[in-house]
Amino acid sequence: NGVMVESCKTLKTWREAVKWAAMEKWKGSPIVGPVDIEAHFYFSRPKSHSTKKGARANAPFWKESKPDIDKLLRAVLDALTHVIYTDDSQVCVVRASKNYVTENVGVNIRVERMA
């Protein structure tokens, strides 16, 4: 009888933002059947990656620190439920990445109905 509590205070707001963005883009009914999802998460570089001239030459491209990619994906899959598909159990294929960028932070999501 445990209770699950989210550790991220902004998760609900972020999930709602993803849901509303999906609703703006997706004009059809929720997909019935298997779904393939690709999600790329983009994070701001920390100041330690930068010099006055831009990113350091050895600044990492991939974000190896928190948040965990599985938590990010769970938030996206939950946000798209009842908008893009009826249940996130329909998601059969997932590709995801998380990396640093200097602008346009957020997530880029592609959803495809599988044959």
Side-chain angles (χ1 to χ4, degrees):
N1 289 343
V3 176
M4 186 170 172
V5 178
E6 296 291 351
S7 61
C8 179
K9 293 176 183 8
T10 59
L11 177 62
K12 186 175 181 180
T13 305
W14 189 83
R15 195 183 289 146
E16 281 294 311
V18 171
K19 176 183 175 179
W20 285 102
M23 289 170 63
E24 283 183 21
K25 294 281 186 184
W26 187 261
K27 300 301 181 195
S29 307
I31 296 171
V32 175
V35 175
D36 174 335
I37 290 190
E38 191 170 334
H40 300 285
F41 300 91
Y42 302 104
F43 293 87
S44 295
R45 289 190 172 280
K47 291 185 186 222
S48 62
H49 287 193
S50 301
T51 67
K52 290 182 181 180
K53 296 180 183 178
R56 287 189 346 248
N58 64 346
F61 177 76
W62 303 107
K63 180 172 173 55
E64 297 178 53
S65 58
K66 291 186 181 252
D68 298 348
I69 201 162
D70 59 321
K71 303 287 192 306
L72 294 167
L73 279 169
R74 183 171 51 192
V76 165
L77 297 180
D78 289 347
L80 299 181
T81 299
H82 302 300
V83 176
I84 306 296
Y85 40 75
T86 56
D87 190 86
D88 58 2
S89 65
Q90 293 171 246
V91 177
C92 296
V93 175
V94 174
R95 283 175 300 292
S97 66
K98 59 180 190 166
N99 59 284
Y100 291 114
V101 291
T102 53
E103 54 188 44
N104 297 327
V105 299
V107 61
N108 187 345
I109 304 166
R110 186 192 57 76
V111 179
E112 226 174 90
R113 181 184 333 235
M114 297 175 69

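Proximity of H82 to P30: side-chain heavy atoms (C-beta onward) are nowhere separated by under 4.5 Å. Side-chain contact between R74 and D88 is absent, with no heavy-atom pair separated by less than 4.5 Å. At a threshold of 4.5 Å between non-hydrogen side-chain atoms, the residues K12 and T10 do not count as touching.
Under the side chain to side chain contact (heavy atoms under 4.5 Å, CB included) criterion, N108 pairs with Y42, not counting sequence neighbours. Residues satisfying the side chain to side chain contact (heavy atoms under 4.5 Å, CB included) test with T51, not counting sequence neighbours, are K53, R56. For E16, there are no salt bridge (charged side-chain N to carboxylate O under 4.0 Å, His left out) partners at least two apart in sequence or on another chain. With sequence neighbours left out, A22 forms a side chain to side chain contact (heavy atoms under 4.5 Å, CB included) with L80, V83, I84. Residues passing the salt bridge (charged side-chain N to carboxylate O under 4.0 Å, His left out) test with D87, sequence neighbours excluded: none.
By the criterion of side-chain heavy atoms lying less than 4.5 angstrom apart, applied directly or through intervening Ile, Leu, Val, Met, Phe, Trp or Tyr residues, L11 is not grouped with L77; the two fall into different hydrophobic clusters. Note on W26 and V91: same hydrophobic cluster, where clusters join Ile, Leu, Val, Met, Phe, Trp and Tyr whose side-chain heavy atoms are under 4.5 Å apart, directly or indirectly. When hydrophobic clusters are built by joining Ile, Leu, Val, Met, Phe, Trp and Tyr residues whose side-chain heavy atoms come closer than 4.5 Å, directly or via intermediates, M23 is grouped together with V35. Both W20 and L72 belong to a single network of hydrophobic side chains, linked directly or stepwise wherever heavy atoms of I, L, V, M, F, W or Y lie under 4.5 Å apart. Cluster membership check: I109 does not share its hydrophobic cluster with V101, using side-chain heavy-atom separations under 4.5 Å among Ile, Leu, Val, Met, Phe, Trp and Tyr.
Atom CE of M114 is separated from atom CD1 of I37 by 11.0 Å, given to the nearest 0.5 angstrom.
Note on residues 96-105: pairs passing side chain to side chain donor-acceptor pair (under 3.5 Å), not counting sequence neighbours, are H40-S97.
Classification of D78 and K19 as a salt-bridged pair fails, no side-chain N sitting under 4.0 Å from a carboxylate O.
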